[in-house]
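In what follows, a single structure is set out as structure tokens and then discussed.
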Amino acid sequence: MTQATLIDAIRMAMDEEMGRDPRVFLTGEDVGRRGGVFRASQGLFDKYGAERVVDSPLAELSIIAIGIGAALADLRPICEIQFADFIHPAFNQIVNEAAKFYYRSNGEWRVPLVIRSPYGGGISGGLYHSQSVEAFFAHVPGLKIVIPSTPHDAKGLLKSAVRDPNPVLFFEPKKGYRAIKGELSEDDYTVPIGPARIAREGRDLSVFAYGMMAHYTTQAAEKVARTDGIDAEVVDLRTLLPLDKTAILDSVKKTGKALIVYEDNRTMGYGAEVAAVLADEGFEYLDGPVRRLTGLDVPAVPFSHHMQEFFMPNPDTIAEAIRELAGY
Amino acid sequence: MTQATLIDAIRMAMDEEMGRDPRVFLTGEDVGRRGGVFRASQGLFDKYGAERVVDSPLAELSIIAIGIGAALADLRPICEIQFADFIHPAFNQIVNEAAKFYYRSNGEWRVPLVIRSPYGGGISGGLYHSQSVEAFFAHVPGLKIVIPSTPHDAKGLLKSAVRDPNPVLFFEPKKGYRAIKGELSEDDYTVPIGPARIAREGRDLSVFAYGMMAHYTTQAAEKVARTDGIDAEVVDLRTLLPLDKTAILDSVKKTGKALIVYEDNRTMGYGAEVAAVLADEGFEYLDGPVRRLTGLDVPAVPFSHHMQEFFMPNPDTIAEAIRELAGY
Amino acid sequence: MTNHIVERASARLNESTLLEMFWGMLLSRRLDERAWALHRQGKIHFHISGMGHEAAQVGTAFALNRGVDYIHPYYRDLALSLAVGITPTDFMMSLFGRKDEYSSGGRQMPSHFSSKDKHIISGSSPVATQVPQAAGLAFAIQYRQKCGLVDPNDTSQPRLALACLGEGSTSQGEWHEGMNWAGVHKLPFICLVQNNIYAISVPLESQMAVANVADRATAYGVAGVVVDGNDVLAVYDVMVQAVQRAYSGGGATLVEAKTYRPVPHSSDDDDRSYRSREEVAEWKKKDPIMRFQNSLLEDGILNDSLLHDYESRARAEVDKAQADAEAAPLPDAEEVFGSVYAPLEEQP
Amino acid sequence: MTNHIVERASARLNESTLLEMFWGMLLSRRLDERAWALHRQGKIHFHISGMGHEAAQVGTAFALNRGVDYIHPYYRDLALSLAVGITPTDFMMSLFGRKDEYSSGGRQMPSHFSSKDKHIISGSSPVATQVPQAAGLAFAIQYRQKCGLVDPNDTSQPRLALACLGEGSTSQGEWHEGMNWAGVHKLPFICLVQNNIYAISVPLESQMAVANVADRATAYGVAGVVVDGNDVLAVYDVMVQAVQRAYSGGGATLVEAKTYRPVPHSSDDDDRSYRSREEVAEWKKKDPIMRFQNSLLEDGILNDSLLHDYESRARAEVDKAQADAEAAPLPDAEEVFGSVYAPLEEQP
Ligand SMILES: Cc1ncc(C[n+]2csc(CCOP(=O)(O)OP(=O)(O)O)c2C)c(N)n1
Ligand SMILES: Cc1ncc(C[n+]2csc(CCOP(=O)(O)OP(=O)(O)O)c2C)c(N)n1
Ligand SMILES: [Mg+2]
Ligand SMILES: [Mg+2]
């Protein structure tokens, strides 16, 4: 057990899985000598060589398609998309291909593929280095989507992703790469894909979040506990697809109120589905409206400082939303 | 006023707009001599010539990108994507480019572009000729999304789309191309993008739908009115982005109950947003859970008959869902 | 572009192999004709045809290690798929969307060939997606060899990947990116473009500004070859070279087989709006099956009675396939739910 | 690939134009250097540089009808954008993300050039998206001419579209599809590839299996030219030909300017992990500004005192631009909401 950052955990997971299984390889732009633009694969090129840490041409759809082909041939590719904003050229390969192979072949052809990509705002990246893209893919049965918010989960979930026989999108809150720190075990453990994690138990209301927002929400919940005596339960969804409905419904059954926090723009963001599930299956538990605190409905996160900060929820605005709902 | 089909209305709208404005042109696969695989542009090649009805190479991203470039240069392109299932290669151009030009240039560069595409199941098209794709794009501020369900609306909305200074996705329920008939005026009228249409007034519950499902829902509502005395209000959303929140909230304020019908797969389908809006802003009006009747959460609509039929809602299953909710 | 056939590999084919090739083409054609007939009779919803493309496909199949090398076909590849082991009954089951249909359990439209067993990759409808995926399969082959996970000479292992598509589909970015990987990594990869000069209604000159698709090979640093796609032995010859190149670490080849589609694009199409009847009639004279048949007859390898036998056998196989498929049940509605996710235990 | 310069258009350039070109390169360089300095001082978040690329860009700009022809630049095109009319203050306002910043109101990262007035199209960060869009601009030019909406010789109207990108970005399907339209429709289009042999850390040979990007022109039936991108007049010469081709209906040209990036990819990069200091030093000797400066000095067009004036003027302009930008306010947070949709009245 050591203290480590989110990106350390991701690197350790890749390293361990490459060490464990010679079929695991990494490809993407600048993943080789450069070790990735965020240094997620630092050292792996030297350790495993150019055969297994492969600098791709600058072309995302083929990064994914090569991964799909290699996965069909029973390798275990980890494909890095440098920024989630650049995953869109590969949309067809992910949605029409990776997600549908197993179904379209009636269970014959599997695509054990991991797609890793940093996402989210707050790093002065402007419109094209700040996007959240999970909502698009959460609409696609056949994919799994994982977003970790702690080093422990990041490592364990990434290792599960590599071992999963299905295509897994693994989105990493880049603002947290170095900002989020926590305990990290060097053991060969996994964290299962699927179950949400109760980040903080509480009785007054439930807050659902993931990624950087799960981190912020936990901070906000601690704060309102101290300052306002509000006891918020924080549920870190961790896996977005498939959604852990039981965890959501159980929590709201207990608290009667739900707030969903995501930094993506509001309309049709992931929280829409969480809200829809609650409005249907959780209706009888609800003592108040299902609130969403979200990024703004503008095309993307602006570069300039004030606009960027205003776009995204933060611990203060989350605390405020908790107070408002608790007082409903 | 004549009786006409949905596809007649679409053809008439394009014809009129091309006649009105020499900047309007059509491009896409097989739109020229062939008149489109569904014959939406039949006759236009002969009438307006190869300059204005342009067979594109087989490459969707460039169909859209050429449209974007031409729109930036102040032409009025109508780009046809042969089947909505094939829009995914153009995802990057639509989401990162068309949707963001106006915002990213602080209002300098506009993209007055129309993207037309047939979508939806029920025509034995299997996994790749049956998809609904509106949910992906409904998450993208900067786009407008229109889905007509009557010939009158199809013509009026398509003409509005051509005249709109923003990129408009115009999705056409292909099962209804010839199956949906109605009054069609030869006047130069438009139907505004934005407002929903009350397809049937009712007091007992509200049903929200669009496209083929709006058509089916109206049938189902008439049926339950006769057989069960249930008075359902049917709201044809018509414009998905921006969503007509007022219409939704007003209807549920009156009826207290909401059912949302869409043929796309359930999770993160468009109805999730409608449900989320109701669960928040409409919470105090709700006398029952917000139900969704939807396509199934499988990767796409299967080819073989029974599976295809089972995938999609139809007037009977909609009637059943209305009864269930009315009885809540 | 290299197009020098130094020695004709086909000259070494024995009579029985030549007849096997002929049989493969004939069977595909008769099955294909039956599909059109079934559609006219309203018995099936949809057919998309490989007619006219049989030489390109059979010539290719016979140059491969069939059932072992990976192939990622497209919807016209009926003759190719039959040559690799799909049966007429399999195909008929697809046409009728039957339960337990071999490729997808009735989920996909017909002509979306797939068999894990025979190393035929499941195809989708969006064109050209198979090209970078097949480059990925070739990458995996090379990876295993480089990393010492497999012996490069083990003939029980796939040693190349083949992707097929039409000329129109090379306009897709997918094709460019797949070809580029094949070039950069010198992958054991073959891209077979079946150039029938139309993409549905769109003629070649509206599709690209080059005379030959194979001219595009230079852009990727791979070998490019144009071949008469109606001449099965000519196709076989260039494919043998391409296969050799792949097996020996020489990299990828782009093969362009020039051919024609004598029928509409699919059962949903009517080709009269975009091409003349004269053009179609002219091309039908170049029919690859008649051509091969005549040359086999001339060479005395085939004779009328043998031909008659083949025709009867083909009819019998097609009849039986149709009867079996018609008798088979449809999938239950609930089968729609199966196989969305592979279970965790089922680690491939 | 055609690379025959029959006559050197640059031979006809007068001294004042040559000096204007030099000034454009110098100003761009000094502004660029200041940006690096500001980043080191922690005053700005991000800089991505055009250093080393000035000759390719200024040689190009001077061959165009500047401010009229459409240009769709990429992030290295500082010298190009300045030559077309962006000011040092405009650029500084971007670096500082100021209110009323010219390109995007502070929404975009710096070096995302845009000006409707000057026919500079707003660029995004995803590489190569501008290529098929610029083909669309060229398509619109041709459309207006063909449909009689504009006089093809009206020099107040755009008569070609230029797209710029790096060599790595030609791996994208976007590039393929844009080039293909340009070829099929013989569009008045120029694609300038600034080949600096790296895409961030990825060297040319991991990017493509051809020696020259311009070798790819044949795949699209367009003209392809390789030029020394560090020689501003050589670039000008090939561009004049490309422009003539476009204006006269002769179709598109792919121009590859060979150059180098002497600095890291951006202020976020550290290039020591992927290239040697010797390699960088070697290339710096070929610096396009020093090269042009020496030749102008040799030819007596430039002299030390004039050079000194230019340097002072550049410093003054850069100082003033910085001061103005630093003094300007930041956008208000609420400006985040503006211009999501163009209002209906505002029909362009
Ligand atoms: C991405 C995509 N766009 C459009 C289609 C519709 N479509 C199916 S086949 C076809 C033409 C294909 O032409 P070509 O590649 O030349 O192959 P051919 O059918 O002539 O053998 C088109 C446009 C598709 N299947 N996929
Ligand atoms: C679609 C996309 N993928 C990845 C990136 C990240 N990225 C920015 S610049 C760059 C390298 C570009 O290389 P090249 O095209 O050679 O241009 P250069 O920067 O060398 O001038 C990369 C990978 C991006 N901007 N867009
Ligand atoms: Mg074809
Ligand atoms: Mg470069």
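These values consider heavy atoms only, across backbone and side chains, with no hydrogens, waters or symmetry-generated copies. Lettering follows sequence order; numbering is per chain, from 1. All figures in this text were calculated on a predicted structure; none of them were measured in a lab.
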Could you tell me whether the side chain of D:Gln133 and the main chain of B:Ile66 form a donor-acceptor pair under 3.5 Å? no
Rounded at 0.5 Å granularity, tell me how far CD in D:Glu174 sits from CG in B:Leu61. 4.5 Å
Polar side-chain atom of B:Trp109 near backbone of D:Ile120 as donor-acceptor pair, under 3.5 Å: yes
Give, as side chain, backbone, both or neither, the part of B:Leu143 having an atom under 4.5 angstrom from any heavy atom of chain D. backbone
Contacting moiety of D:Ala135, where chain B heavy atoms sit under 4.5 Å: both
Checking heavy atoms, do the side chain of D:Ile121, its backbone, both or neither come under 4.5 Å from chain B? both
Using only atom types and a distance under 3.5 Å, with no angle test, would you say the side chain of D:Tyr143 pairs donor to acceptor with the backbone of B:Ala70? no
Considering only heavy atoms, which portion of B:Ile68 lies under 4.5 Å from any heavy atom of chain D: side chain, backbone, both, or neither? side chain
When the 4.5 angstrom heavy-atom criterion is applied to B:Lys100 and chain D, the contacting part is neither
Are the side chain of B:Tyr102 and the backbone of D:Ser339 linked by a donor-acceptor contact shorter than 3.5 Å? no
Contacting region of D:His176 [heavy-atom separation from chain B under 4.5 Å]: neither
For D:Tyr341, does its backbone N or O pair with a side-chain atom of B:Asn166 as donor and acceptor, under 3.5 Å? no
Quick one: CG on B:Asn92 to OG on D:Ser124, what's the gap to the nearest 0.5 Å? 7.5 Å
Looking only at side-chain N and O atoms, does D:Gln142 offer a donor or acceptor that is under 3.5 Å from a partner on B:Glu51? no
When the 4.5 angstrom heavy-atom criterion is applied to B:Ser160 and chain D, the contacting part is neither
Under 4.5 Å heavy-atom distance to chain D, tell me which part of B:Val111 shows up: side chain, backbone, both or neither. neither
Under 4.5 Å, heavy atom to heavy atom: which of residues 102-114 of chain D reach chain B? Give them by number, or say none. D:Ser103, D:Ser104, D:Gly105, D:Arg107, D:Gln108, D:Ser114
Looking only at atom types and distance, does a side-chain atom of D:Glu177 sit under 3.5 Å from a main-chain N or O of B:Ser62, one as donor and one as acceptor? yes
